Amino acid sequence: MPYRFTSRADGDTRGRTDWATVHQVHGAGVVVADRAGRLGDGDAIVTATPGLHIAVRVADCAPIALLSDVAVGVVHAGWRGIAAGVIPAALDAMRVLGAAEVRAVLGPCIHVECYEFGAVELDAIAADLGQSVRGVTSWGTPALDVVAAVRASLGDVDVRESVCTACSTEHWSHRARGDVERQAVVAWL
């Protein structure tokens, strides 16, 4: 099953009419897509429709492609979405579509060494997902380990991961450089 994390020139999904997209709101909403277009509010899209491209856009949030033989999904997982449960909600929606085995690919997102994080929010996420989500930035302040949070949210799903958007000059980072552009994760059956 194809998956691609796009960047630079081809990362803008806003003008695409042949892809299913959503208005991303940093929550736990999942849209089940059976047609192209902008399909409402949400932070994850799943489909079992062959040939339908689904896409979400990210800068420092985690772009996740969920892959199975009968359905695919894409997830925009920022810290608010992770805390709200967008990843398990997307997995549940894929299972409703008949996906028994799901694999995940984690695209470029901010990594722990670059993601200073507030203590109150970090405590809440750690209470829900475990202490592995706690980290320290390269300058010694408390940090959220987004990769660990994604892994904890996915449970026993196998995950491949990518690079830090803040450290990479090949990816956009709002947090590190104030970039307004976004990468996109696109998946299809």
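Note that this is a predicted model, so its numbers are computed, not measured.
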Among Val133, Asp128, Leu129, the one residue meeting side chain to side chain contact (heavy atoms under 4.5 Å, CB included) with Ile82: Leu129
Supply the atom-to-atom distance Ile125 CD1 to Arg80 CZ, rounded to the nearest 0.5 angstrom. 9.5 Å
Using the rule given for side chain to side chain donor-acceptor pair (under 3.5 Å), can you reason through Asp60 versus Thr165, listing the C-alpha separation, both sets of side-chain angles and the distance that settles it, and then say yes or no? CA-CA 6 Å; Asp60 294 307; Thr165 49; 2.6 Å; yes
Trp79 reachable from Val58 in the ILVMFWY side-chain graph, under 4.5 Å edges: no
When rounded to the nearest 0.5 angstrom, what is the spacing between NE2 in His76 and OG1 in Thr21? 13.0 Å
What one should report as the nearest heavy-atom pair of Leu91 and Ser153 is CD1-O, 4.3 Å
I need the Leu39 CG to Asp41 CG distance, nearest 0.5 Å. 11.0 Å
Non-hydrogen atoms of Gly42 and Val22 that approach each other most closely: O-CG2, 3.3 Å
Would you call Pro63 and Cys109 a side-chain contact if the rule is heavy atoms closer than 4.5 Å? yes
Same apolar cluster: Leu52 and Val72, side chain cutoff 4.5 Å: yes
With distance as the sole test, does Asp43 use its side chain to make a donor-acceptor pair with the main-chain N or O of Gly27 at under 3.5 Å? yes
Student check: side-chain heavy atoms of Arg134 and Asp123 closer than 4.5 Å: yes
To the closest 0.5 Å, what do you measure between CD (Glu113) and CG (Asp145)? 8.5 Å
Are Val75 and Leu97 co-members of a hydrophobic cluster defined by side-chain heavy atoms under 4.5 Å apart? yes
Of all heavy-atom pairs between Met94 and Gly73, which one has the smallest distance, and what is that distance? SD-N, 3.6 Å
Same hydrophobic cluster for Val86 and Val25, using side-chain heavy-atom links shorter than 4.5 Å among ILVMFWY? no
Can you check whether Gln24's main-chain N or O pairs, donor with acceptor, with His26's side chain at less than 3.5 Å? no
Taking the side chain as C-beta and beyond, is there a heavy-atom pair between Ile87 and Leu154 under 4.5 Å? yes
Measure across Leu66 and Ala104 and return the closest heavy-atom pair with its distance rounded to 0.1 Å. CD2-CB, 3.9 Å
Could you report the tightest heavy-atom contact between Ser132 and Ala148, atom names first, then the distance? O-CB, 3.3 Å
State whether the side chain of Ser168 and the backbone N or O of Cys164 hold a donor-acceptor pair below 3.5 Å, judged by distance alone. no
Between Thr137 and Trp139, a side-chain donor and acceptor under 3.5 Å: yes
N/O donor-acceptor pair under 3.5 Å between Thr47 side chain and Ala33 backbone: yes
Nearest 0.5 Å, what's the CD1-CD distance between Ile110 and Glu116? 10.5 Å
When you look at CD of Glu101, are more than 12 heavy atoms from neighbouring residues, nucleotides or ligands closer to it than 6.0 Å? no
Check for me, please, whether Val112 and Val147 land in the same ILVMFWY cluster - side-chain distances under 4.5 Å, paths through other members count. no
Closest non-hydrogen atom pair between Ala28 and Ala89, with its separation: O-CB, 3.8 Å
